[in-house]
Amino acid sequence: MHNAGGSGGGGSPAGNDPARGLTYRDAGVDIDAGNRAVELIKGHVRRTARPGVVGGVGGFGGLFAPDLTGYRRPIFVSSTDGVGTKLKVAFAMGKHDTVGIDLVAMNVDDVVCAGAEPLFFLDYVGCARLEPGVLAEIVRGVAEGCIQAGCALVGGETAELPGLYQDGEYDLAGFTVGIVDQDKVVDGSAVRPGDALVGLASSGLHSNGYSLARKAFLEVAGWKLDRHVPEFGRTLGEELLEPTRIYAKLILDLMRGDGFHLHGIAHVTGGAFVDKIPRIFPRGVGGVTWTDSWEPPAVFRLIADIGKVEAAEMYRTFNMGIGMVLAVPAAEAGGVVAAAARRGYPAWVIGETVPGGQSMWLVRRG
């Protein structure tokens, strides 16, 4: 877990003493600091343990033995993703304990779109100079995300790459594997005209569109991250660092526990309504989103107002308050909305599928 091999751990150069030969630390890589970081994160990793985990922290590879009982033709579903420029806000705020949740969310909420249960997760942290305490905060967030998703954190890598990254900055990547029986794969092929589109509320921007959001707030408006924004009831920085909502357990409960028929599941990330949701439509099926069927959070309205961003651009860039869209039989839509709400996820019927060409039309009914 978080091996410190050729890429090392953290620490600062000790300086070049002509009386002795160069060391790896002189070049900017401190393996001892990497080992200290591993010790700091072991407790966070242990919190994510679930059936199937084999061994502990510190091996060369994460071991996982899946329980295939009840699976006739198991299929593994994988995903990899990052957090994007939301990290710039974390750097500026000096707050690193939530971006790990975002990292997990971006991956597990992709694999659950196929109906798969996330099994395990791995992370990668690349930086110029690793600070063990910062790594521990990052991994604490990763562990929290794994707990929310029900998967285990089984491995990771920390790469200290002086000269490639700026001091005080890092990049994150995540990798997850889930499992689903072949006859239960959700691939959108069951979507038919007349299905209802149920939208599950997002927690805000999630992890997409931050380059545009930062440009609007920080450059055009000239706001500071510590500015209190009445519409948010907190500072701009706190709003921008709100963790991405994780839907994996909810969706599995809707399918397995409640028995709802989810014909298609779309994770609303980059590309949003225009590009992402049509992915679940088979040939000959399109969709209509009623944009007046829910109220987008204030952060989206402010971005549009400050940046004079056109509606079409907003709905192609941001989730607009809808983090996941489910295509379900119309007769089940009300039940899905109620079941999601009982579990703490506000939801609305936000549209329907129609005969068409795998496109999404955005309309207002009023």
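Values in this document were obtained by computation on a predicted structure and should not be read as measured data.
When the ring pair (Phe, Tyr, Trp, His ring centres under 6.0 Å) test is applied to His96, the partners found at least two apart in sequence or on another chain are Tyr170. Every residue meeting the side chain to side chain contact (heavy atoms under 4.5 Å, CB included) condition with Asp275, not counting sequence neighbours, appears here in chain and number order: Arg316. Annotation: side chain to side chain donor-acceptor pair (under 3.5 Å) contacts of Arg234 (sequence neighbours excluded): Glu239, Glu242. Tyr210 pairs by the ring pair (Phe, Tyr, Trp, His ring centres under 6.0 Å) definition with nothing, not counting sequence neighbours. With sequence neighbours excluded, the residues satisfying ring pair (Phe, Tyr, Trp, His ring centres under 6.0 Å) with Phe273 are Trp294, Tyr315. Legend: residues meeting salt bridge (Lys or Arg N to Asp or Glu O under 4.0 Å) with Lys224, ordered by chain and number and at least two apart, are absent. Shown here are the ring pair (Phe, Tyr, Trp, His ring centres under 6.0 Å) partners of Trp223, two or more places apart in sequence or in another chain: Phe217. Applying the side chain to side chain donor-acceptor pair (under 3.5 Å) test to Glu295 and every residue at least two apart in sequence or in another chain returns nothing.
Asn208 and Thr269 are not linked by any side-chain donor-acceptor pair at a separation below 3.5 angstrom, with hydrogens and angles left out of the test. Neither side chain, Thr176 nor Ser79, offers a donor N or O lying under 3.5 Å from an acceptor on the other.
Side-chain contact check for Arg214 versus Thr85: some heavy-atom pair is nearer than 4.5 Å. Val349 has its side chain out of reach of Leu197: every pair of non-hydrogen atoms, C-beta onward, lies at least 4.5 Å apart. Side-chain contact between Pro355 and Pro193 is present, with at least one heavy-atom pair separated by less than 4.5 Å.
Residues Asp258 and Arg343 are paired through a salt bridge, judged by an N-O separation under 4.0 Å between the basic side chain and the carboxylate. Residues Lys95 and Glu238 are not paired through a salt bridge, judged by the lack of any N-O separation under 4.0 Å between the basic side chain and the carboxylate. Between Asp183 and Arg72, at least one side-chain N (NZ, or NE/NH1/NH2) sits under 4.0 Å from a carboxylate O, which counts as a salt bridge. Ionic pairing of Arg50 and Glu117 is present here: one or more N-O contacts between side-chain nitrogen and carboxylate oxygen are shorter than 4.0 angstrom.
For Asp102 (side chain) and Val83 (main-chain N/O), no donor-acceptor pair under 3.5 Å exists by modelled atom type. Side chain of Asp195 to main chain of His263: no donor-acceptor pair is present (N/O by atom type, distance under 3.5 Å, no hydrogens or angles).
One hydrophobic cluster, built from ILVMFWY side chains closer than 4.5 Å, holds both Val104 and Leu135. The cluster map of Ile, Leu, Val, Met, Phe, Trp and Tyr, joined by side-chain heavy atoms under 4.5 Å apart, puts Val125 and Leu153 in the same cluster.
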Side chain to side chain contact (heavy atoms under 4.5 Å, CB included) evaluation trace for Val229 with Thr235: CA-CA 6 Å; Val229 182; Thr235 68; over 6 Å; no

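The two residues Arg365 and Asp292 come nearest to each other via the heavy atoms N-OD2, 3.1 Å.
Through side-chain heavy atoms spaced under 4.5 Å, either directly or across other Ile, Leu, Val, Met, Phe, Trp or Tyr residues, Ile75 is tied to Val77, Val111, Val180, Val185. Hydrophobic cluster membership for Ile147: none, as no Ile, Leu, Val, Met, Phe, Trp or Tyr side chain comes under 4.5 Å of it. Taking Ile, Leu, Val, Met, Phe, Trp and Tyr as hydrophobic and joining them when side-chain heavy atoms fall under 4.5 Å apart, one finds Val54 in a cluster with Leu63.
Between Leu212 atom CG and Thr317 atom OG1 the span is 6.0 Å, to the nearest 0.5 Å. Atom SG of Cys151 is separated from atom CZ of Phe120 by 10.0 Å, given to the nearest 0.5 angstrom. Between atom CD of residue Glu137 and atom OG1 of residue Thr98 there is a gap of 10.0 Å, rounded to the nearest 0.5 Å.
Glu231 CD: more than 12 foreign heavy atoms inside a 6.0 Å radius.
Evaluation of the salt bridge (charged side-chain N to carboxylate O under 4.0 Å, His left out) test over residues 196-206, restricted to residues two or more places apart or in two chains, returns none.
Of the candidates Leu218, Leu241, Asp226, Leu218 is the only one forming a side-chain contact (heavy atoms from CB on, under 4.5 Å) with Leu236. Just one of Asn319, Asp81, Thr244 meets the side chain to side chain donor-acceptor pair (under 3.5 Å) condition when paired with Ser207; it is Thr244.
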